[in-house]
Every structure is written in structure tokens, then in C-alpha cells.
Amino acid sequence: MKIYETKDFKWARRLSKNDIYRLYKSEASGLLDEELLDEVGIGFYSRCKTIKQVTERLCPDCSEVIQGAFDGNNPDRQISCQNCQWISKWKYYHRSFKTDRIHGGRAYKYFLAYLDEYPLCKTARDKILVIDRLMHYLHEDIDDEGSVTPAAMNLVKGKRNEIREFIESLAYSGTMPEQNRRLRNELFRKMDKSTEIESKSQK
């Protein structure tokens with residue numbers, strides 16, 4: 001059997017802000033870049049698949065359940081994929097994703113929804129709308145510590161304050177449905193409330 005180290009676990013990376021910015025700019029101009037649309041849409045799909053694999057402890061190669069992945073907290077315990085014939089240690093596997101915001105967390109249902117919805121898109125407009133919804137979903141609501149995080153942090157490179165500024169910079173065309181605008185506004189409202197709560201707690 002193959003011995004896997006941290007470098008051997010391959011996960012889909014977060015997308016660059018520049019690609020998404022250019023996509024929204026093209027949509028707002030009325031000249032949607034459909035090649036870039038597919039690049040971003042498939043990139044998000046791959047990233048959501050990776051989030052599912054890590055959250056459910058599935059092999060990154062074949063998506064079979066990783067043996068030993070749920071067996072306690074010992075970092076040196078053995079894990080393996082019987083289908084792909086590799087073995088490793090939990091600590092090597094964990095290091096492969098722990099700093100890249102791959103786990104689904106409280107936004108997991110939205111990543112799963114995208115995996116269901118994106119393959120069903122028949123038009124370019126369908127694709128841009130499901131991408132936009134995913135970009136603006138929250139990790140549920142403000143938590144006990146007053147923190148709220150957009151699902152976009154799991155998808156796009158950047159820290160929370162950078163993601164907020166980035167989402168604000170995305171252009172909307174006049175044909176973007178009102179429900180998408182409301183979703184964006186609700187994201188900003190909750191993030192502002194989160195910042196206010198955090199500021200009070202630090203005084």
C-alpha cells in the first residue's frame with residue numbers, strides 16, 4: 001500500500017478574488033464572459049466537493065469513506081482508503097486542510113446545495129445566479145461570540161475583512177433578481193452587527 005504524507009492529500013484550492021471580480025464586471029456590463037463563468041462555476045464546484053470530502057472524511061481520490069478517520073483523537077492513529085490502497089496517519093491528513101478553511105462548518109448545507117444545483121444549470125444566467133447565492137450565504141447567524149462569517153471565506157482567498165470589502169466591490173447588473181440583492185444586503189447587515197458586537201466586547 002502507498003504511504004501518504006501531508007503533501008499527498010490534494011484538495012481543490014480557494015479561488016482568486018480577481019477572477020470573480022472580472023466575472024461580475026462582465027455580467028454587469030451586459031457582456032458576460034461565459035468562459036470565465038464556467039471556470040468560476042466549476043472551480044466552486046470542485047471546492048465544494050473538497051469541502052464535502054473533508055467534512056465527511058472521504059478519500060480525495062475516490063470519495064470512499066476513509067477508514068479510521070472517526071476513531072478518536074490520537075494524532076498518530078492510522079487511517080486508510082481500502083479502495084485506493086493508501087495508508088497514513090491522522091496528523092498528516094489533518095495538516096493537509098486545517099489552515100485552508102475546507103471544513104463545511106455551519107454553512108455546510110449551502111455547499112451541498114451548490115453541488116446539487118450547479119450541474120442542473122441549463123443557461124449562463126442559471127449559473128451566475130447559483131454562484132451569486134453561494135457567494136452571499138452566511139455561516140448561519142451570529143454566534144455566541146458575536147462572530148458571523150460569509151460562506152465565501154471557504155471559497156475565495158482572503159481574510160474576513162478583505163472578503164467583506166471584496167463582496168462590496170462586486171458589480172450587479174440591472175437584471176440581477178431582487179432576492180439576490182436582498183441576500184447581499186442581509187449579509188452586510190449581519191456582518192455590521194457582528195463588528196458592532198465585537199467592538200463592544202473589546203471595550
Side-chain angles (χ1 to χ4, degrees), residues 1-17 20 40-121 130-131 133-163 183 187 190-191 194 197-198:
M1 295 185 71
K2 295 171 287 187
I3 308 296
Y4 267 35
E5 298 181 5
T6 296
K7 63 180 176 60
D8 297 310
F9 293 100
K10 307 299 183 184
W11 308 111
R13 313 307 291 179
R14 287 184 283 179
L15 279 69
S16 75
K17 293 191 286 290
I20 299 166
V40 171
I42 293 170
F44 275 173
Y45 187 88
S46 297
R47 180 66 179 181
C48 287
K49 183 178 179 181
T50 271
I51 289 171
K52 179 179 180 180
Q53 288 170 325
V54 168
T55 303
E56 299 186 14
R57 306 291 187 252
L58 307 177
C59 173
D61 296 321
C62 70
S63 291
E64 289 292 319
V65 175
I66 296 173
Q67 302 299 309
F70 293 100
D71 296 344
N73 297 316
N74 180 1
D76 287 312
R77 74 181 184 273
Q78 180 176 296
I79 63 172
S80 64
C81 176
Q82 299 302 311
N83 186 55
C84 293
Q85 296 293 295
W86 60 257
I87 60 173
S88 186
K89 291 184 178 181
W90 169 258
K91 62 184 179 183
Y92 299 143
Y93 171 75
H94 188 238
R95 285 174 193 162
S96 72
F97 63 80
K98 70 176 183 179
T99 62
D100 197 36
R101 300 196 64 87
I102 295 181
H103 196 279
R106 290 183 291 167
Y108 189 42
K109 63 183 179 182
Y110 302 128
F111 302 129
L112 292 180
Y114 185 83
L115 289 175
D116 289 337
E117 294 170 0
Y118 185 77
L120 300 178
C121 292
V130 297
I131 288 171
R133 285 200 300 272
L134 182 61
M135 280 287 296
H136 293 91
Y137 280 133
L138 289 170
H139 284 194
E140 293 300 331
D141 212 330
I142 297 174
D143 65 22
D144 294 338
E145 298 178 353
S147 178
V148 66
T149 306
M153 280 193 67
N154 295 67
L155 307 167
V156 183
K157 297 174 184 175
K159 298 179 181 178
R160 187 169 63 155
N161 64 323
E162 296 171 342
I163 294 296
L183 193 60
L187 167 64
K190 289 184 176 180
M191 291 190 78
S194 170
I197 292 172
E198 288 175 351

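Numbers for residues simply follow the sequence, beginning at 1. Only heavy atoms go into these numbers, but all of them, side chains included; no hydrogens, no water, no symmetry mates.
When atom types are taken as modelled, the side chain of Thr50 and the backbone of Ala12 share a donor-acceptor pair closer than 3.5 angstrom. Side-chain atoms of Lys10 come within 3.5 Å of backbone N or O of Lys7 as a donor-acceptor pair. Put simply, the side chain of Thr55 gets close to the backbone of Gly104: a donor and an acceptor are under 3.5 Å apart. Arg47 contributes a side-chain N or O that, together with a main-chain N or O of Asn154, makes up a donor-acceptor pair within less than 3.5 Å.
With respect to Asp100 and Arg95, no salt bridge is recorded, no charged nitrogen being found less than 4.0 Å from a carboxylate O.
Under the 4.5 Å side-chain criterion, counting only non-hydrogen atoms from C-beta, Arg77 is in contact with Asp71. Side chains of Phe111 and Leu134 form a contact here, defined as non-hydrogen atoms less than 4.5 Å apart. Under the 4.5 Å side-chain criterion, counting only non-hydrogen atoms from C-beta, Lys52 is in contact with Leu112. In this structure, the side chains of Leu15 and Ile20 come closer than 4.5 Å at one or more pairs of heavy atoms. The closest side-chain heavy-atom distance from Leu115 to Lys49 is below 4.5 Å. Looking at heavy atoms from C-beta onward, Glu64 lies out of side-chain contact with Leu58 at the 4.5 angstrom threshold.
Among all heavy-atom pairs drawn from Gly158 and Lys17, the shortest one is CA-NZ, 4.1 Å. Smallest separation of non-hydrogen atoms from Val130 and Glu117: CG1-OE1, 3.9 Å.
Considering only residues two or more places apart in sequence or on other chains, Phe97 meets the ring-ring contact (aromatic ring centres under 6.0 Å, His included) condition with Tyr93, His94. Residues passing the side chain to side chain contact (heavy atoms under 4.5 Å, CB included) test with Lys2, sequence neighbours excluded: Tyr4, Trp86. By the side-chain hydrogen bond (donor to acceptor under 3.5 Å, both in side chains) test, Glu5 pairs with no residue at all, sequence neighbours left out. In terms of the side-chain hydrogen bond (donor to acceptor under 3.5 Å, both in side chains) criterion, Asn74 has no residue partners (sequence neighbours excluded). Among residues two or more places apart in sequence or in another chain, the ring-ring contact (aromatic ring centres under 6.0 Å, His included) test is passed with Tyr45 by none. Every residue two or more places apart in sequence or in another chain was checked for a side-chain hydrogen bond (donor to acceptor under 3.5 Å, both in side chains) with Tyr118, and none qualifies.
Side-chain contact annotation: Gln82 with Ser80, donor-acceptor N/O pair under 3.5 Å present.
To the nearest 0.5 Å, atoms CD (Glu56) and CD1 (Ile51) are separated by 12.0 Å. Distance CG/Asp61 to SG/Cys59: 4.5 Å, rounded to 0.5 Å. To the nearest 0.5 angstrom, Met1 atom CE is 9.5 Å from Cys84 atom SG. Rounded to the nearest 0.5 angstrom, Ser88 OG and Ile3 CD1 are separated by 8.0 Å. With values rounded to the nearest 0.5 angstrom, Leu155 atom CG is found 5.5 Å from Cys48 atom SG. Taking NZ from Lys98 and OG1 from Thr6, the interatomic distance works out to 9.0 Å, rounded to the nearest 0.5 Å.
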Going through the distances and angles, do Ile131 and Val40 end up as a side chain to side chain contact (heavy atoms under 4.5 Å, CB included)? CA-CA 8 Å; Ile131 288 171; Val40 171; 4.2 Å; yes
Run Ile163 and Val156 through side chain to side chain contact (heavy atoms under 4.5 Å, CB included) and show every step you take. CA-CA 8 Å; Ile163 294 296; Val156 183; 4.0 Å; yes
Begin with the C-alpha distance, continue with both residues' side-chain angles, and end with the deciding distance and a verdict on salt bridge (Lys or Arg N to Asp or Glu O under 4.0 Å) for Glu162 and Lys157. CA-CA 9 Å; Glu162 296 171 342; Lys157 297 174 184 175; over 6 Å; no
Apply the test side chain to side chain contact (heavy atoms under 4.5 Å, CB included) to residues Lys91 and Asp76: give CA-CA distance (whole Å), side-chain angles for both, the deciding distance (0.1 Å), then the verdict. CA-CA 6 Å; Lys91 62 184 179 183; Asp76 287 312; 2.8 Å; yes
Before giving the answer on side chain to side chain contact (heavy atoms under 4.5 Å, CB included), spell out for Ile102 and Trp11 the whole-Å C-alpha distance, their side-chain angles and the decisive distance to 0.1 Å. CA-CA 9 Å; Ile102 295 181; Trp11 308 111; 3.8 Å; yes
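Checking Tyr108, Tyr114, Phe44, Tyr110 one by one against Tyr137, the ring pair (Phe, Tyr, Trp, His ring centres under 6.0 Å) holds for a single residue, Tyr110.
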